[in-house]
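Not measured: the values here are computed from a predicted model. Below, chain A is the first sequence line, B the second, and so on; all start at residue 1.
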Protein chains: 4
Amino acid sequence: MKKIKVTIWNEGTHERRDEAVQRVYPDTIGGALKSFIKNMEGVSEVRHVSLYDEEQGFTQELLDDTDVLVYWAHVSHAEVKDEYVERIYERVLNGMGIVLLHSAHASKIFNKLCGTHTSYLRWREAAEKERVWNVNPTHPIAKGLPDQFLIPHTEMYGEHFNIPKPDDIIFISWYEGGNVFRSGITYTRGAGKIFYFSPGHETFPIYYQKEVQQVIKNGIEWVAPAFEETAMLKNGAPCDNVPLEEIKSVR
Amino acid sequence: MKKIKVTIWNEGTHERRDEAVQRVYPDTIGGALKSFIKNMEGVSEVRHVSLYDEEQGFTQELLDDTDVLVYWAHVSHAEVKDEYVERIYERVLNGMGIVLLHSAHASKIFNKLCGTHTSYLRWREAAEKERVWNVNPTHPIAKGLPDQFLIPHTEMYGEHFNIPKPDDIIFISWYEGGNVFRSGITYTRGAGKIFYFSPGHETFPIYYQKEVQQVIKNGIEWVAPAFEETAMLKNGAPCDNVPLEEIKSVR
Amino acid sequence: MKKIKVTIWNEGTHERRDEAVQRVYPDTIGGALKSFIKNMEGVSEVRHVSLYDEEQGFTQELLDDTDVLVYWAHVSHAEVKDEYVERIYERVLNGMGIVLLHSAHASKIFNKLCGTHTSYLRWREAAEKERVWNVNPTHPIAKGLPDQFLIPHTEMYGEHFNIPKPDDIIFISWYEGGNVFRSGITYTRGAGKIFYFSPGHETFPIYYQKEVQQVIKNGIEWVAPAFEETAMLKNGAPCDNVPLEEIKSVR
Amino acid sequence: MKKIKVTIWNEGTHERRDEAVQRVYPDTIGGALKSFIKNMEGVSEVRHVSLYDEEQGFTQELLDDTDVLVYWAHVSHAEVKDEYVERIYERVLNGMGIVLLHSAHASKIFNKLCGTHTSYLRWREAAEKERVWNVNPTHPIAKGLPDQFLIPHTEMYGEHFNIPKPDDIIFISWYEGGNVFRSGITYTRGAGKIFYFSPGHETFPIYYQKEVQQVIKNGIEWVAPAFEETAMLKNGAPCDNVPLEEIKSVR
C-alpha cells in the first residue's frame with residue numbers, strides 16, 4: 001500500500017491571540033494533531049501549515065503533493081480566499097481525501113462540497129459531557145473503538161445539522177444538555193472521500209484523548225486514495241460522440 | 001393540499017437560432033413543457049421564462065413566488081450570472097423544489113447543489129434507442145409508469161456520471177449503443193428537494209411522449225414543498241448558547 | 001386518493017394480566033391507538049385485533065383487506081405462529097404498509113423483514129426523559145412536528161441497534177441516562193413500506209401525547225400504498241426467457 | 001492484517017449431470033473459482049465444498065473457521081436444509097463475509113438476509129453481450145477495474161430486481177437484448193458484509209475472465225472482517241437495565 005502524505009491545515013488564529021487556547025494547546029491545535037498523526041504506520045509525511053503561511057497555506061504545489069488534508073478552522077472562515085477554496089475543491093474531486101474537524105463544519109470548502117448551509121446547527125459552550133456512540137461498528141472508521149466513549153467537557157453541536165444525507169453515519173453524540181448530533185459522517189465527491197468529525201474545541205483538551213485520536217487516524221486511512229481510479233474521474237469523461245455504427249462495432 | 005406554483009425556466013437559445021429545434025418545438029421547449037404541466041390537478045399557475053427575460057428570468061420576486069422550478073438549459077450555461085445562481089440556490093435551500101431536465105446536468109446550479117463536476121458524463125448524438133427502466137416502483141415519482149418504456153430516438157448520456165450518491169435512484173436507462181445511465185435521481189438540500197431526469201433533447205420530440213410527461217409531472221409533485229418545515233431550516237438554527245443550568249431546566 | 005384501511009394488531013397480553021397497564025390504558029394500547037387513528041382524514045376503516053383473536057388476529061381475509069398494519073407487541077413475540085408471520089411478510093412484500101411500534105422491534109416479522117437480530121439493543125426502565133430530535137424535517141413523516149419534543153417518562157432504547165442501514169432516519173432520540181437511539185426509521189421491502197418508531201411503553205402514557213400521535217399518523221400515511229405498482233412486483237417477474245432475436249425486435 | 005480463510009461453497013449439481021457444464025468447467029465452477037482465489041495475497045486458506053459433502057458442506061466447524069464464504073448455487077436451492085441456512089445466517093450476523101455469485105440471488109440465505117423475494121428478476125439465456133459499467137469507481141470493490149468491461153456471452157439478469165435498497169451499487173450491467181441490472185451491490189447485516197455479483201453462468205466461461213476474477217477478489221477483500229468488532233454485535237447487547245441513578249454516575 002502506498003504511504004499517505006498528510007497535510008494538516010490549522011487556521012492558527014486562536015493560537016496567535018487567545019491565551020486560553022495557548023494554555024491548552026501550547027504547540028497549537030495543528031501541532032497536537034501532528035503529534036499522533038506522524039506516528040501512523042501508513043503515513044510517510046506530515047506537514048503542518050496555517051492561514052498565515054504562503055498563499056494561506058494552500059499552494060498548488062503542496063496540495064498536489066497531499067493525499068489527505070486534515071482541516072481545522074473556526075474564526076477565520078471568511079478570510080480564506082475563494083481561489084484557494086477552489087483549489088482544495090478541485091483536488092478533492094481529483095482524489096485528495098479530506099478530514100474536517102469540529103468548527104470546520106462552517107468552512108467554505110465544506111459548504112461547497114455539501115451544497116447546503118452546513119453552518120446551520122445548534123451550539124452551546126457549557127463544558128458539558130458528550131458521549132460519542134458508535135452506530136456503525138463494522139465501518140473502517142470505527143476500528144478499534146468501543147461501543148461509546150465519553151468526552152468529559154465539550155462544546156455542544158446539535159441537530160438539526162443542515163447537511164445532505166450522509167453516505168454513512170458512524171457516530172451519533174449525546175450531550176448532557178439534551179441534544180444529539182450526527183458527529184461522524186462520510187461523503188464521496190468525485191474521486192475524493194470526506195470525513196467530518198465534530199468533537200474538538202480550542203479550549204478543551206479533546207485532541208489529547210486516545211479515542212478521539214483513534215477516530216481521526218481511522219478517518220485519515222479511510223479518506224486516503226486507496227488506488228488509482230479510472231482516468232475518467234480524474235480528467236473528465238472522454239467524449240463518445242461518434243456515429244452509432246462505430247460504437248456498435250465495439251459495444 | 002396547497003396548490004403548486006410552477007415556473008419553467010427554459011434557456012431559449014436553441015429556439016432563437018436553430019431551425020431544426022424550431023421545427024420540433026415550434027412553441028419552444030418551455031412551451032411544450034407548459035402544455036402538459038398547466039393541466040396538472042395540483043398546479044395553480046405555470047409561468048414560462050427564459051434567459052432573455054428580465055434578470056435572465058430569475059427575478060427575486062418570481063423565485064419567491066415559485067414552489068417548483070423546472071429547469072431546461074444547454075448551450076448557455078456559462079452565461080447565467082453567478083448572482084442569479086446564488087438566488088436559485090438560496091431558494092432551493094429554503095424549500096423551493098427543482099426539476100432539472102436533460103442537459104441541465106451541466107448547469108451551474110446543479111453543480112453547486114451537488115458539489116461535484118456534474119458535467120462529466122459520456123454522450124453521443126446518434127438518434128439511438130433508449131429504454132428507461134423503473135428500478136424503484138413504489139417511489140412517488142414512479143406513479144402510473146410501466147416497468148420500462150422506450151424512447152425511440154435519444155441523445156445518449158452514459159456512465160460514469162460524476163454525481164454524489166443519489167438519495168434515491170428511480171430510473172436506469174439502457175442505450176442501443178452499449179451504455180447505461182442513472183437517468184432519474186433525487187437529492188435533498190436544506191429544505192429543498194431535487195429531481196434530475198435525463199431524457200429530453202432539443203431535436204428529438206421526447207417531451208411529447210406520454211411516459212416522459214408523466215415522469216416530469218410526478219417529479220414536480222414530489223419536489224413541491226409539502227408542508228411548512230421547521231423554522232430552523234428556513235432561518236438558520238437558533239442559537240442555544242446559554243449556560244447549561246438554564247438548558248437543563250428545559251431539557 | 002384511495003382511503004386507507006388500517007388494522008391495529010395489539011398483542012394484548014399485558015392488558016389481560018398487568019394492573020399497571022390496565023390503569024394507564026384502560027381501553028388497551030390498541031384502543032388508545034384506535035382513538036386517534038380513526039379520526040384521520042384519509043382513513044376509511046380501523047380494525048383492532050389481538051393475539052387472542054381468531055388465527056391470532058391474522059386471518060388471510062383481514063390481511064388482504066388491510067392497507068396498513070399497525071403492530072404493537074412485547075411479551076408474546078415467541079407465541080406468534082410462523083405461518084402467520086409468513087402471511088404478514090407476503091402481504092408486506094405485496095404492498096401492505098406496516099408501522100411497528102416500540103417493542104415490536106423484537107417481533108418475528110421485523111426480524112424477517114430486516115434480516116438481522118433486531119432485538120439487539122440496550123434498554124432501561126427508569127422513567128427517564130426522552131427528547132426526540134427531528135433530523136429529517138422535510139420527510140413526510142416529520143410533517144407538522146417541531147424540531148424536537150420531550151417525552152417526560154420513557155423506557156430507554158439505546159444504540160447499538162442491530163438493524164440494516166435504514167433507507168431514511170427521521171428521528172434520533174436523546175435519553176437522560178446517557179443514550180441515543182435511531183428512533184424513527186424507514187425501509188422498503190418489495191412493494192411494502194415500513195416505519196419503525198420506538199417511543200411507547202405499556203406503563204407510560206406516551207400514546208396520549210399529541211406529538212407521538214402525529215408521528216404515528218404521518219407514518220400510516222407514508223407506508224400506505226399510494227398507487228398500484230407494476231404487476232411485476234405483485235406477482236413476481238415475468239420471464240423473458242425467449243430467443244434474443246425475438247427480444248431484439250421489441251427492445 | 002490478519003490473513004483471510006475463504007470457503008467456496010459450490011452447489012455442484014450441474015457438474016454431476018450436465019455435460020455442457022463439465023466441458024466449460026472440467027474442474028467444477030468451485031474449482032475454477034479456487035484457482036484464482038488461492039493466489040490472493042491476503043488469503044491464507046481456501047476450501048472448496050459442495051451440497052454433496054457432509055452436512056451439505058455447512059458443518060459448524062467449517063463455518064466457524066471461515067472468514068469469507070463464496071456461494072454459487074442454481075438448481076438445488078430448495079434442497080439446502082433450513083437448519084444450515086440458519087447456521088450461515090448466524091455466522092454472517094456474527095461477522096463472516098459472504099460473496100454471492102450469479103444465481104445465488106435465489107438462494108435461501110440471500111432471501112433471508114435481504115428480507116425480500118430476491119428471486120424476482122427478469123432473465124434470458126441467449127448468449128448475448130453484457131457490458132458491466134463501473135458506477136462507483138472509488139469503492140474498494142472497483143479497485144483495478146476499467147470504466148467498463150465486456151462479457152461476450154452471458155445470461156441476462158434484468159430489472160426489476162426485488163432487493164432492498166443496496167448500501168452501495170458498484171456495477172450496473174447493460175445487455176444486448178435491451179435490459180439493465182444492478183449487477184454489483186453491497187449490504188451489511190449485523191457484523192457481516194455482503195457482496196452480490198451477477199455475472200457468471202454454468203455454460204459460459206465467465207469465471208475465466210480477468211475482470212470478473214478481479215471483481216470477485218475485491219469482493220472477498222471487502223467483505224472480510226477487517227477487525228474485531230465490539231462485543232455487543234457479536235454477543236447481543238448487554239442489558240443496561242439498572243436504576244437511572246446508577247447509570248447517571250457513569251453516563
Side-chain angles (χ1 to χ4, degrees), chain A residues 89-90 92-94 109-117 119-129 155-156 158-168 175-179 187-192 194 229-230 232-233 235-248 250-251, chain B residues 89-90 92-94 110-129 155-156 158-168 175-179 187-192 194 229-230 232-233 235-248 250-251:
Chain A
Y89 180 71
E90 291 297 329
V92 171
L93 298 197
N94 246 358
I109 183 62
F110 193 49
N111 260 292
K112 192 169 171 69
L113 289 164
C114 283
T116 61
H117 293 313
S119 57
Y120 288 15
L121 50 67
R122 292 165 182 267
W123 61 279
R124 178 177 58 235
E125 283 189 59
E128 69 199 279
K129 288 181 187 172
E155 179 185 13
M156 184 280 287
E159 297 286 343
H160 178 254
F161 186 18
N162 192 2
I163 47 171
K165 181 175 177 169
D167 288 0
D168 275 301
Y175 296 93
E176 202 178 354
N179 301 74
Y187 296 99
T188 297
R189 290 290 182 271
I194 301 164
E229 288 85 16
T230 65
M232 178 189 49
L233 253 177
N235 305 318
C239 174
D240 278 342
N241 189 14
V242 295
L244 183 60
E245 286 317 305
E246 287 183 34
I247 290 294
K248 273 185 169 164
V250 297
R251 74 176 182 181
Chain B
Y89 181 70
E90 291 298 328
V92 170
L93 298 196
N94 245 0
F110 193 48
N111 261 291
K112 192 170 171 68
L113 290 164
C114 282
T116 60
H117 292 313
T118 52
S119 56
Y120 288 16
L121 49 69
R122 291 166 182 267
W123 60 280
R124 178 176 57 238
E125 283 189 58
E128 69 199 278
K129 287 181 187 174
E155 178 184 14
M156 185 279 289
E159 297 286 341
H160 180 254
F161 187 17
N162 193 2
I163 46 171
K165 180 175 178 170
D167 288 359
D168 275 300
Y175 296 93
E176 202 178 352
N179 300 74
Y187 296 99
T188 298
R189 291 290 183 271
I194 300 163
E229 290 84 19
T230 64
M232 178 188 49
L233 254 178
N235 306 319
C239 174
D240 279 341
N241 188 14
V242 295
L244 183 60
E245 287 317 307
E246 287 182 34
I247 290 295
K248 273 184 169 162
V250 296
R251 75 177 182 182

Exercise. Is a donor on one side and an acceptor on the other found under 3.5 Å between the side chain of Arg189(B) and the backbone of Ile163(A)?
Worked result: no
For this session: Mind checking ring pair (Phe, Tyr, Trp, His ring centres under 6.0 Å) for Phe110(B) and listing every partner two or more places apart, or none if nothing turns up?
Result: Tyr196(B)
Problem set entry | 4.5 Å side-chain heavy-atom contact, His117(B) and Glu90(A) | yes
For this session: Decide yes or no for Lys165(B) and Thr188(A): does some side-chain heavy atom of the first lie under 4.5 Å from some side-chain heavy atom of the second?
Result: no
Seminar exercise, completed: Nearest heavy-atom contact between Leu93(B) and Thr116(A) is CD1-CA, 3.8 Å
For this session: Sort out for me which of Gly115(A), Cys114(A), Gly158(A) touches chain B most, counting heavy-atom pairs under 4.5 Å.
Result: Gly115(A)
Problem set entry | Under 4.5 Å from a heavy atom of chain A, the part of Tyr187(B) involved | neither
